[in-house]
Number of protein chains: 2
Amino acid sequence: MPPKASTTPDPEARPPGRTVRITDVAAAAGVSAITVSRALNTPDRLTKATLRRVLSAVDRLGYVPNLMAGALASRRSRMIVAIVPTIATPMYADALQAFTNAMSQAGYHVVLGLGGFDRREEEQLIITLLGRQPDGLLLVGSAQSAEAKKRLAEAGIPTVEIWGDASPRADLQVGFSHAGVGEAVANHLCDRGYRSFGIVSSDDIRAMERLDGFRRTVERRGGRLAVQRLMAPPSTIMEGRRSLAPLLRALPEGGAVFCSSDLLAAGLLIEAGASGVAIPAELAICGFGDLEIGQAMKPALTTVSVDGAEMGQLAARCMTDRLAGNPIPRRIIVPVEIIQRETT
Amino acid sequence: MPPKASTTPDPEARPPGRTVRITDVAAAAGVSAITVSRALNTPDRLTKATLRRVLSAVDRLGYVPNLMAGALASRRSRMIVAIVPTIATPMYADALQAFTNAMSQAGYHVVLGLGGFDRREEEQLIITLLGRQPDGLLLVGSAQSAEAKKRLAEAGIPTVEIWGDASPRADLQVGFSHAGVGEAVANHLCDRGYRSFGIVSSDDIRAMERLDGFRRTVERRGGRLAVQRLMAPPSTIMEGRRSLAPLLRALPEGGAVFCSSDLLAAGLLIEAGASGVAIPAELAICGFGDLEIGQAMKPALTTVSVDGAEMGQLAARCMTDRLAGNPIPRRIIVPVEIIQRETT
DNA sequence: GATTTTGATGGTAGCGTTACCATATAATCT
DNA sequence: AGATTATATGGTAACGCTACCATCAAAATC
């Protein structure tokens, strides 16, 4: 069985086990390596015929470009680093999910950095993550340590901050004023006639900002802040349940509570249901976050709606525009809405 | 103001705006580039003195190693790609969070691939993600498209699958038998005396496997499956609420429902509370997932506990062991436990 | 028809790091 | 003391790709 034409070596023969490289594709397609590169990155710069030839070779050989080599050569990694405190919180998770999807659409990959709550670790994480040469950075909440901030600034890459406070730290911001939310809730509750107030909140920075706005407004409008329960994040339903009794004790004539999370508010509602406390007659409740649970409770929870997914999407748009060199606003304020349901 | 010693050029002077490279550090420390590399990667192979000298230069210059270049040269990217259907589900989010944290501890970064539910897109995503040259792969649930599976296999890198069914597709598995869960729940309910059953479930693959196990066991034990509500993922509390009425209609003499998610079960409980249906007297409920909401409901939800975070951690351990070349079991079964609370 | 312009393709030289081997020095042995 | 081994460091050549400039053919202009 003689080989058909063993004189010319098969251009597609490679030592087995070796990965397919761009030069293999080039050889198979009868073009140069750079042409293969162009076929994949800037296809309109090639003739239809060569393009087809190259793509067919790519397909035939199952070529997967080594993006690290490409990144090194082009100095564009097409990676975005996202630094998120945690994704165990639905709102952050939604934002990250939307962001990742949108960036992926635009040809970017997202590297996940979970900052957690330890500053030292966060700092270390940020530094090594910067070593990945990301083209952009997403900060969910702002970086905590000063050293980390310095490094981020020095890196000189587009940085979008979402969920942050209003401080002008980051390059680009997509967010809202937390203090403004507290203020709006206070006004809303005062308008509905409540005079005595309580707070159930986790003590993270952004929640505290909302509380400050709430407190100030309540005082300005002559209301009385009777009780305040602060706890370490993450907020849980159980903590909410446990909070009802002390709240009722502090607010014997009734009043309204502002919770830093719908989870806490839902806990209040569950406990109220179990112990026959009438909501909102004996206690009005306003949550924060507009999670599904609030909407699904009976009575349905009045809350503040912040669309995490929307923020993620906007951040992605912001990022891609910026990477493409388009001019973009330095700050985008997403609408925050009080959703009046049955608990106030 | 004459410069102090302009004859010898300052070894730390660089054109401004240029990033610090390994050679800059080498020059500043008076060693070769490779020594700097060793100082960072294999510090025990250097003298204490040189190590100190190099690290001090690293510090002084604020050197951040370019991990892409390192990866290209060493053929180890220290990146893991995680392919997750969605992180908008608490259980996947927990698993991913735990995995990412653990891998980060071990010096790996995690690139996030959200597969979603579109096969074509998932496939494309997997291919480009493989171009990043990950050292390992985490699959949450198994890859859907055949082409994607082929590519994954060809990539020849350690692949850990969590949350999968029991099929021996992946390289390494951390999971449990979904059918076994259904069976256990059925047995549990039959043992407690229930004879008529209902199902409220999303129709994703793994939930369906649990249902199959449940159904088979119910039939084997002479029970009757009276009603079955299937819906598209994701499962929501609201869907649960809407399911109560039809369930009660189909189970007028009472019975027990198996829900594919605690969220659905919680909806049932909320609706029952709102309409005065006694649980479990008029209807017994068993959930799945052991989310916080189930534990916090009143009455507290009987459910199946699967620790997502534990799976993520185990997967990470598995991965790092494998990457280090340690022998590891091909399959790890995590315990699944029925938590008997107040709804059955 | 000669010249300019445009567009398609290729050659070469890095991108910043680490693997591999070579070399020099110090430590250990007979 | 001389030979051997272990340890510390360096030089050079990749890793696989794209930027940059050069080249060449074809199309458009005068």
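Proteins get letters first, then strands, A, B, ... in listed order; numbering begins at 1 in each.
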Given axes from five pairs at either end, by how many degrees does the helix from C:dG1-D:dC30 to C:dT30-D:dA1 bend, rounded to 10°?
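The angle separating the two end axes equals 30°.
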Which residue pairs satisfy the salt bridge (Lys or Arg N to Asp or Glu O under 4.0 Å) criterion with at least one member in residues 309-325 of chain B, sequence neighbours excluded?
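Matches after skipping sequence neighbours: B:Asp171-B:Arg322.
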Non-neighbouring partners of [X] that pass salt bridge (charged side-chain N to carboxylate O under 4.0 Å, His left out), sequence neighbours left out:
X	value
B:Arg38	none
B:Glu147	B:Lys150, B:Arg151
A:Glu123	A:Arg120

Which letters describe nucleotides 7-20 of chain C, given B = protein heavy atom under 4.0 Å from base, S = only from sugar-phosphate, - = neither?
-SBB---BBBBSB-
For the backbone of A:Gln133 and the side chain of A:Ser77, can you confirm whether one donor and one acceptor N or O come within less than 3.5 Å of each other?
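Checked: pair present.
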Going by side-chain contact (heavy atoms from CB on, under 4.5 Å), name the residues that satisfy it together with [X], two or more places apart in sequence or in a different chain.
X	result
B:Ser74	B:Arg76
A:Ser56	A:Arg60
B:Leu72	A:Asn66, A:Ala69, A:Leu72

Taking only distance into account, with no hydrogens and no angle test, what donor-acceptor pairs under 3.5 Å do side-chain atoms of residues 39-46 of chain A form with protein atoms, sequence neighbours excluded?
residue: A:Asn41; atom: ND2; partner: A:Ser37; partner atom: O; Å: 3.2
residue: A:Asn41; atom: ND2; partner: A:Ser37; partner atom: OG; Å: 3.4

Taking only residues at least two apart or on different chains, which pairs with a member in residues 94-107 of chain B satisfy side chain to side chain donor-acceptor pair (under 3.5 Å)?
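Only A:Thr86-B:Gln97 qualify under side chain to side chain donor-acceptor pair (under 3.5 Å).
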Which nucleotide of DNA chain D is the first, and which the last, in the 5' to 3' direction, to come under 4.0 Å of a heavy atom belonging to chain B?
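Extent of the interface on DNA chain D: D:dA8 to D:dG16.
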